[in-house]
Amino acid sequence: MGYVAIKGGETAISEAIALLDFLRAKDSNEPPLSIGGIQHQLHALHSRVLSEGGIYHPKLAALAIKQNAGDTLEAAFYLRAYRSTCPRIGITPLQKTEQMRLIRRISAAFKEIPGGQMLGPTSDYLQRLFRFELLDESPQRFQQIAKTWLHNIPDECLPTSFPKVLDSLRAQNLLPPVETKLHQPFDITREPLVFPVPRSAALATMSRAETGSLLGIAYSNMRGYGDIHPTVAELRVGYLPVLLPHPISGELMEAGDVLMTECEIVAMYEAPTKDSKPTFGLGYGACFGHNEVKAISMAILDRALQKGQQQGVENPSEDPEFVLLHVDGIESMGFASHYKMPHYVTFQSDLDRLRTTQKKGESL
């Protein structure tokens, strides 16, 4: 087996990093991206990194996007690394998403829902046609967009919270009752996944999973490798108040709020027991930021994993080990990227074996 000497590695690496920074700044005629511009004008990209990074820090999420030239996986990696250095100063009590300050709320299950549908900011109803005027958008036109919208806001006050659509279904005994016994949630940042895992571990893993990975496996279920054909009971996007106990009085106080997306689906019938009637099954998805595709995919996989646990695994999307170990973008990226690292010794061994095999074949 042969070994290859490597020279000049440290200098080459430092120059490669400098070149990466040069690519970001080579067109000096363009102004540098501002953190606020990334956060607000690229909010879909920003939300994706925010949810996959596993820590709610909008400013650092924007910085990670800028520093990594828009690479979502690398940006999320930076947030994960930063999170690992942060001390844990407290644990929030159970948060109630009914208290979300909504900017969007829809239901595909009912036309009329308590509190009404709220379309909010969405591209669902756009034709996928280019707006070529944005190629050379003037600052004055850009500022006018916000002024016009704010000027047309109606004077009537919207309610601060809305009831859950699932509450009406549960009142009709079409859903299983809410569990009164609360279980300690699984902490995926401190405990390894050892299968079988509780549902809280699956939900926590998927909440910071890579959006495309979740969508791909959920799509496999939707198109036939599974039988979850869901109806979105309610999809919510809004700011959830984060309540923490006061250090002296112990009374809950609002420490801030987080932008999040929540999806609740109903799908399939739950098998009845001697003491209960058949009901709909539930799937739940939630993540930081405004990322509806991720929340819907997560809810579908949550329902699929429950089905696999109750009735046996028949498809990959129902296997918790398959799903949970293949949806984390940081883990997946790390494994794929490690193939770029030196494999000189192992490849030399492969070359030796191949040459030996060829020689043996020629001698026959």
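In this text, all values refer to a predicted model and were calculated from it rather than measured experimentally.
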Checklist line | Any pair counted as ring-ring contact (aromatic ring centres under 6.0 Å, His included), so long as it reaches residues 310-331, sequence neighbours left out | finding: F322-H326
Margin query: Between R88 and C86 (side chain of the first, backbone of the second, donor and acceptor by atom type, cut-off under 3.5 Å), is there such a pair?
Written below: no
Checklist line | Check: L243 main-chain N/O paired with Q95 side-chain donor or acceptor under 3.5 Å | finding: yes
Note to self: If the condition is ring pair (Phe, Tyr, Trp, His ring centres under 6.0 Å), which residues does Y125 pass it with, not counting sequence neighbours?
What the structure shows: none
Notebook entry, point to check: Does the D71 side chain pair with the main chain of E74, one donor and one acceptor, at a distance under 3.5 Å?
Noted result: yes
Checklist line | Straight-line distance of L354 CG to F347 CZ, nearest 0.5 Å | finding: 8.5 Å
Margin query: Quick check on H246: does its NE2 atom have over 12 non-hydrogen neighbours (other residues, nucleotides or ligands) under 6.0 Å away?
Written below: yes
Next item on the list: Supply the atom-to-atom distance L73 CG to E331 CD, rounded to the nearest 0.5 angstrom.
Entry: 12.0 Å
Next item on the list: Would you mind reporting whether V242 and V258 have side-chain heavy atoms less than 4.5 Å apart?
Entry: yes
Checklist line | Partners meeting side chain to side chain donor-acceptor pair (under 3.5 Å) with E314 (sequence neighbours left out) | finding: K307
Note to self: Return the CD to CD distance between Q99 and E254, rounded to the nearest 0.5 Å.
What the structure shows: 9.0 Å
Next item on the list: May I have all residue pairs that pass ring-ring contact (aromatic ring centres under 6.0 Å, His included) and include part of residues 282-316, sequence neighbours excluded?
Entry: Y56-F288
Check: Backbone N or O of R141 within a donor-acceptor pair of the S138 side chain at under 3.5 Å?
Finding: yes
Checklist line | For E98, side chain to side chain contact (heavy atoms under 4.5 Å, CB included) partners two or more places apart | finding: K96, K164
Next item on the list: Kindly assign one of parallel, tilted or perpendicular to the pair H343 and Y339, based on the angle between their ring planes and the thresholds 30° and 60°.
Entry: parallel
Notebook entry, point to check: Within the side chain of D187, is there an N or O that forms a donor-acceptor pair under 3.5 Å with the backbone of T189?
Noted result: yes
Check: Could you walk me through whether R236 and E234 pass the salt bridge (Lys or Arg N to Asp or Glu O under 4.0 Å) check?
Finding: CA-CA 6 Å; R236 290 180 166 223; E234 188 171 7; 2.6 Å; yes
Checklist line | Candidate pair E292 and T261, rule side chain to side chain donor-acceptor pair (under 3.5 Å), full reasoning | finding: CA-CA 6 Å; E292 298 175 20; T261 306; over 6 Å; no
Next item on the list: Treating Ile, Leu, Val, Met, Phe, Trp and Tyr as nodes and any side-chain heavy-atom pair under 4.5 angstrom as an edge, say whether M118 and F110 lie in one connected cluster.
Entry: no
Notebook entry, point to check: Is P230 close to R303 at the side-chain level, that is, under 4.5 Å between some pair of heavy atoms?
Noted result: no
Check: Considering residues, nucleotides and ligands other than E133, do more than 12 of their heavy atoms fall under 6.0 Å from its CD?
Finding: yes
Notebook entry, point to check: Okay, side chain of S220, backbone of I217: is any donor-acceptor separation there less than 3.5 Å?
Noted result: yes
Margin query: Going by side chain to side chain contact (heavy atoms under 4.5 Å, CB included), S107 matches just one of I113, T231, L235. Which one?
Written below: I113
Margin query: Could you work out, with salt bridge (charged side-chain N to carboxylate O under 4.0 Å, His left out) as the rule, every residue matching E112, not counting sequence neighbours?
Written below: none
Notebook entry, point to check: Honestly curious: do M298 and I188 fall in one hydrophobic cluster under the side-chain, below-4.5 Å linking rule?
Noted result: yes
Check: Considering the options D319, L301, V197, which one meets the side chain to side chain contact (heavy atoms under 4.5 Å, CB included) requirement together with L324?
Finding: V197
Notebook entry, point to check: Okay, side chain of S363, backbone of K360: is any donor-acceptor separation there less than 3.5 Å?
Noted result: yes
Margin query: Taking transitive links into account, so neighbours of neighbours count too, which hydrophobic residues share a cluster with L215 at under 4.5 Å side-chain distance?
Written below: V293
Next item on the list: Could you tell me whether the side chain of M100 reaches within less than 4.5 Å of the side chain of Y239, counting heavy atoms only?
Entry: no
Margin query: Assess, by modelled atom type and distance only, whether the side chains of S349 and R353 contain a donor and an acceptor separated by less than 3.5 Å.
Written below: yes
Note to self: Please say yes or no: joined through hydrophobic side-chain contacts below 4.5 Å, possibly via intermediate residues, are V313 and V323 part of one cluster?
What the structure shows: no
Next item on the list: Scan residues 173-231 for pairs that pass ring-ring contact (aromatic ring centres under 6.0 Å, His included), counting only residues two or more places apart or in two chains.
Entry: none
Check: For K294 and S51, does a side-chain donor sit closer than 3.5 Å to a side-chain acceptor?
Finding: yes
Notebook entry, point to check: Residues in side chain to side chain contact (heavy atoms under 4.5 Å, CB included) with K340, at least two apart?
Noted result: S337
Checklist line | Members besides I38 in its Ile/Leu/Val/Met/Phe/Trp/Tyr cluster (side-chain heavy atoms under 4.5 Å) | finding: L33, I35, L42, L45, V49, I55, L60, L63, I65, L79, Y82
Notebook entry, point to check: In terms of heavy-atom contacts, does NE2 of H43 have more than 12 from other residues, nucleotides or ligands at under 6.0 Å?
Noted result: no
Notebook entry, point to check: Is there a side-chain contact between D328 and M333 (heavy atoms, below 4.5 Å)?
Noted result: no
Next item on the list: Determine, for R104 against D124, whether the closest basic-nitrogen to carboxylate-oxygen distance falls under 4.0 angstrom.
Entry: yes
Note to self: Is it true that, when you exclude I89 itself, more than 12 heavy atoms of the residues, nucleotides or ligands shown sit nearer than 6.0 Å to its CD1?
What the structure shows: no
Notebook entry, point to check: Below 4.5 Å, heavy atoms only, C-beta onward: do L259 and L240 meet side chain to side chain?
Noted result: no
Check: Are the side chain of Q309 and the backbone N or O of A304 linked by a donor-acceptor pair below 3.5 Å?
Finding: no
Margin query: Can you confirm whether I17 sits close enough to S14 that some side-chain heavy atom of one is under 4.5 Å from a side-chain heavy atom of the other?
Written below: no
Item checked: Pair T211-N291, side-chain donor/acceptor within less than 3.5 Å -> yes
Margin query: Within this structure, what is the CE-CG distance for the pair M206 and D302, rounded to the nearest 0.5 Å?
Written below: 5.0 Å
Margin query: Strictly by salt bridge (charged side-chain N to carboxylate O under 4.0 Å, His left out), give each pair with a member in residues 41-67 just once, sequence neighbours left out.
Written below: R48-E52, R48-E210
Checklist line | From OG1 (T72) to CG (L50), nearest 0.5 Å | finding: 13.0 Å
Item checked: Atom pair CE/OG of M260 and S47 - distance to nearest 0.5 Å -> 12.0 Å
Next item on the list: Using atom types as modelled and distance alone, determine if a side-chain donor or acceptor of Q306 lies under 3.5 Å from a backbone N or O of L282.
Entry: yes
Next item on the list: Return the set of residues passing side chain to side chain donor-acceptor pair (under 3.5 Å) with R355 (not counting sequence neighbours), or none when no residue passes.
Entry: none
